[in-house]
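For the single chain, residues carry numbers from 1 onward in sequence order.
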Amino acid sequence: MTQPLVAVSTDVRQFENYTWHAAPKQYLEAAVAGAGVFPILVPSFGDRLDLDELLDRVDGVMITGSKSNVYPGLYGGDPSEANGPYDHDRDATTLPLIRRAIERGVPLLAICRGIQELNVALGGTLHTEVQEIEGRMDHRAPVSDDQDERFAIRQRVSIKPGTCLAGIFGAGEVPVNSVHRQAVDRLGERLQVEAVADDGTVEAVSVVGAPAFAVGVQWHPEYWVKSDDASARIFKAFGDAARAHSAARSGLRVAAE
C-alpha cells in the first residue's frame, strides 16, 4: 500500500520564547494510522508560500481543528476579543490553500476549525457562539482536565441521504463527539450540508461538483480513530481518495514519459 503525502495545516504558537508552527499529535496520528498517509506540516507563511508547488507534490490536504477561531473580519462578523483567540497567519495560509486544493482536485478533509475555514473560504459566514442561539444545544466540551472526557462521543448527527457521508456511513444517525462553540451560519458557495445535529447545527459539509473528496466535519474523528468505527471510516475514505489521486498522478507521469 502506498503512503501518499498529505499537507497538514499548522497553528502559530508562542512557547519558550520561540514561535512555533505546529499541529496536534492526534491529527498526525490519525493521518498515519487511520488514513495510511504521510503527513507533512505546512508552515503558516501565507502568500510567501507557492501553494501550487505544494499541491503539485501532495495527494491530499488536511485542515485541523484548533483553539483559535477564523478572524470574523474575513466574513463580515464581529472581530472582538470575545470571539477569539485568532491566528491571522493560519487564516492567510489555509483559506487560499483550501480554495486551490478544491480547484486542483486534491482531496481535502477539514475538521472542526477546518470546516469553518472551508465555509469562509467559499464565501460563507459563521455563528460565533452557537450556545447563545435560542433553541441550540451547548456543543462545547465539558470542563475537565481529562481529554477523554472532553472528547467523549455524546451526541448524534443525522447524515443526509445521497451525500458523500451517506456513501461512507449510510443515511441515518451517527454518534460523534462535540467540542466547538462556533459553527457554519450562511453556507458558502458550492457547499452542501451533509449532516446536522438534533438542534439543526450544521455538522458536516461537502463541495458540490468537486473533482475529488472534499468534506468538512465539525466533530473530531481524529480523537477516536483507532477505536470508533465512524471515525475510522472518515479517515479511511480520505486516505483512499489520496491514494487514488496519487495513482492518477503516477499514471499521468508514465503517459508523459
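- In this structure, CZ in Arg186 is found 11.0 Å from NE2 in His127, a value given to the nearest 0.5 Å.
- Contact annotation: the side chain of Val205 never approaches that of Val215 to less than 4.5 Å [non-hydrogen atoms, C-beta and beyond].
- With a 6.0 Å radius and a threshold of 12 heavy atoms from other residues, nucleotides or ligands, Asp146 has its CG atom above the threshold.
- Looking only at distances, a side-chain donor or acceptor of Thr93 sits under 3.5 Å from a matching main-chain atom of Asp89.
- Residues Val61 and Leu55 form a side-chain contact, since some pair of their non-hydrogen atoms from C-beta on lies under 4.5 Å apart.
- Taking every heavy atom of both residues into account, Ile234 and Val217 meet most closely at CD1-CG1, 4.3 Å.
- Between Arg57 and Glu53, at least one side-chain N (NZ, or NE/NH1/NH2) sits under 4.0 Å from a carboxylate O, which counts as a salt bridge.
- Put simply, Ile40 and Leu97 are part of the same group of oily side chains (I, L, V, M, F, W, Y) that touch within less than 4.5 Å, one to the next.
- Note that CG of Asp199 is 8.5 Å distant from CD1 of Ile133, once rounded to the nearest 0.5 Å.
- In terms of modelled atom types and a separation under 3.5 Å, the side chain of Trp224 and the main chain of Phe151 share a donor-acceptor contact.
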Leu191/Val184 under side-chain contact (heavy atoms from CB on, under 4.5 Å): CA gap, chis, key distance, verdict: CA-CA 11 Å; Leu191 290 180; Val184 170; over 6 Å; no
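- Residue Phe38 places its CZ atom among 12 or fewer non-hydrogen atoms of other residues, nucleotides or ligands, all under 6.0 Å distant.
- Hydrophobic clustering, with ILVMFWY side chains joined whenever heavy atoms are under 4.5 angstrom apart, groups Ile168 together with Leu109.
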Test log, rule side-chain contact (heavy atoms from CB on, under 4.5 Å), inputs Ile111 and Thr64: CA-CA 5 Å; Ile111 298 170; Thr64 70; 5.9 Å; no
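- Under a hydrophobic-cluster definition in which Ile, Leu, Val, Met, Phe, Trp and Tyr are linked whenever side-chain heavy atoms come within less than 4.5 Å, directly or via other members, Val106 and Phe235 are assigned to different clusters.
- No side-chain heavy atom of Arg140 sits less than 4.5 Å from a side-chain heavy atom of Val179.
- Among residue pairs with one or both ends in residues 183-205, none qualify as ring-ring contact (aromatic ring centres under 6.0 Å, His included); sequence neighbours excluded.
- The CG atom of Leu54 lies 8.0 Å from the CG atom of Leu49; values are rounded to the nearest 0.5 Å.
- For the residue pair Thr128 / Gln182, no side-chain donor-acceptor distance below 3.5 Å is found, with atom types taken as modelled.
- Within a 6.0 Å radius of CD in Glu189, other residues, nucleotides and ligands contribute 12 heavy atoms or fewer.
- The closest side-chain heavy-atom distance from Met62 to Val37 is not below 4.5 Å.
- Among all heavy-atom pairs drawn from Ile115 and Ala110, the shortest one is N-CB, 3.8 Å.
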Determine, stepwise, if the pair Ile98 / Ile63 fulfils side-chain contact (heavy atoms from CB on, under 4.5 Å). CA-CA 8 Å; Ile98 287 168; Ile63 308 296; 3.9 Å; yes
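- Counting only N and O atoms by type, the side chains of Gln147 and Gln26 include no donor and acceptor under 3.5 Å apart.
- The aromatic rings of Phe238 and Phe213 are tilted relative to each other, their planes meeting at an angle between 30° and 60°.
- Using modelled atom types and a 3.5 Å distance limit, the side chains of Arg90 and Thr10 yield no donor-acceptor pair.
- At a threshold of 4.5 Å between non-hydrogen side-chain atoms, the residues Gln3 and Asp59 do not count as touching.
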How far apart are the C-alpha atoms of Asp185 and Tyr75, what are their side-chain angles, what is the distance that settles it, and do they pass the side chain to side chain donor-acceptor pair (under 3.5 Å) test? CA-CA 11 Å; Asp185 180 8; Tyr75 56 87; over 6 Å; no
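- Ring centers of His21 and Phe45: under 6.0 Å apart, within the cut-off.
- Side-chain atoms of Arg181 do not come within 3.5 Å of backbone N or O of Glu129 as any donor-acceptor pair.
- With Asn119 contributing its side chain and Thr125 its backbone, the two residues share a donor-acceptor pair below 3.5 Å.
- In this structure, Trp20 and Tyr18 have perpendicular ring planes: the angle between them is above 60°, well past the 30° mark.
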Applying salt bridge (charged side-chain N to carboxylate O under 4.0 Å, His left out), run through Asp91 and Arg113 and close with a yes or a no. CA-CA 10 Å; Asp91 291 340; Arg113 188 195 206 271; 3.0 Å; yes
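- Using modelled atom types, no side-chain atom of Gln116 and backbone atom of Leu126 make a donor-acceptor pair closer than 3.5 Å.
- Here Glu103 contributes atom CD and Leu51 contributes atom CG; the two are 10.5 Å apart, rounded to the nearest 0.5 Å.
- Counting only heavy atoms from C-beta outward, the side chains of Asp198 and Glu173 approach each other to under 4.5 Å.
- Side chain of Tyr223 to main chain of Asp148: a donor-acceptor pair is present (N/O by atom type, distance under 3.5 Å, no hydrogens or angles).
- Put simply, the side chain of Ser44 never gets that close to the backbone of Asp11: no donor and acceptor are under 3.5 Å apart.
- In this structure, Asp87 contributes its side chain and Ser68 its backbone to no donor-acceptor pair below 3.5 Å.
- Between Asp228 atom CG and His220 atom NE2 the span is 14.0 Å, to the nearest 0.5 Å.
- Tracing side-chain contacts under 4.5 Å through hydrophobic residues (I, L, V, M, F, W, Y), one reaches Leu187 starting from Val207; they form part of the same cluster.
- Applying the side-chain hydrogen bond (donor to acceptor under 3.5 Å, both in side chains) rule to Lys236 yields the partners Asp240; only residues at least two apart in sequence or on another chain are considered.
- In the hydrophobic clustering of this structure, Val176 groups with Ile159; members are Ile, Leu, Val, Met, Phe, Trp, Tyr whose side-chain heavy atoms approach within less than 4.5 Å, directly or through other members.
- Of the possible polar contacts, one joining the Asn69 side chain to the Gly84 backbone as a donor-acceptor pair under 3.5 Å is found.
- When only modelled atom types and interatomic distance are considered, Arg136 and Thr201 share a side-chain donor-acceptor pair under 3.5 Å.
- The shortest distance between side-chain heavy atoms of Pro4 and His245 does not fall below 4.5 Å.
- Nearest heavy atoms, Pro142 versus Arg150: O-CG, 3.6 Å.
- The shortest non-hydrogen separation linking Leu28 to Ala23 is CD1-O, 4.1 Å.
- A salt bridge links Asp56 with Arg104: at least one charged nitrogen is closer than 4.0 Å to a carboxylate oxygen.
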Would Val174 and Arg156 count as a side-chain contact (heavy atoms from CB on, under 4.5 Å) if you check the C-alpha gap in whole Å, the side-chain angles of each, and the deciding distance to 0.1 Å? CA-CA 5 Å; Val174 174; Arg156 303 185 74 84; over 6 Å; no
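- Considering only heavy atoms from C-beta on, Glu203 comes within 4.5 Å of His139 through its side chain.
- In this model, no donor atom of one side chain and acceptor atom of the other lie less than 3.5 Å apart for Ser206 and Arg190.
- Taken from CG in Asn177 to SG in Cys112, the straight-line distance is 9.0 Å, to the nearest 0.5 Å.
- The minimum heavy-atom distance between Arg154 and Ala141, with the atom names listed, is NH2-CA, 3.3 Å.
- Contact detail for Ser144 and Glu149: the closest heavy-atom pair is OG-OE1, 3.0 Å.
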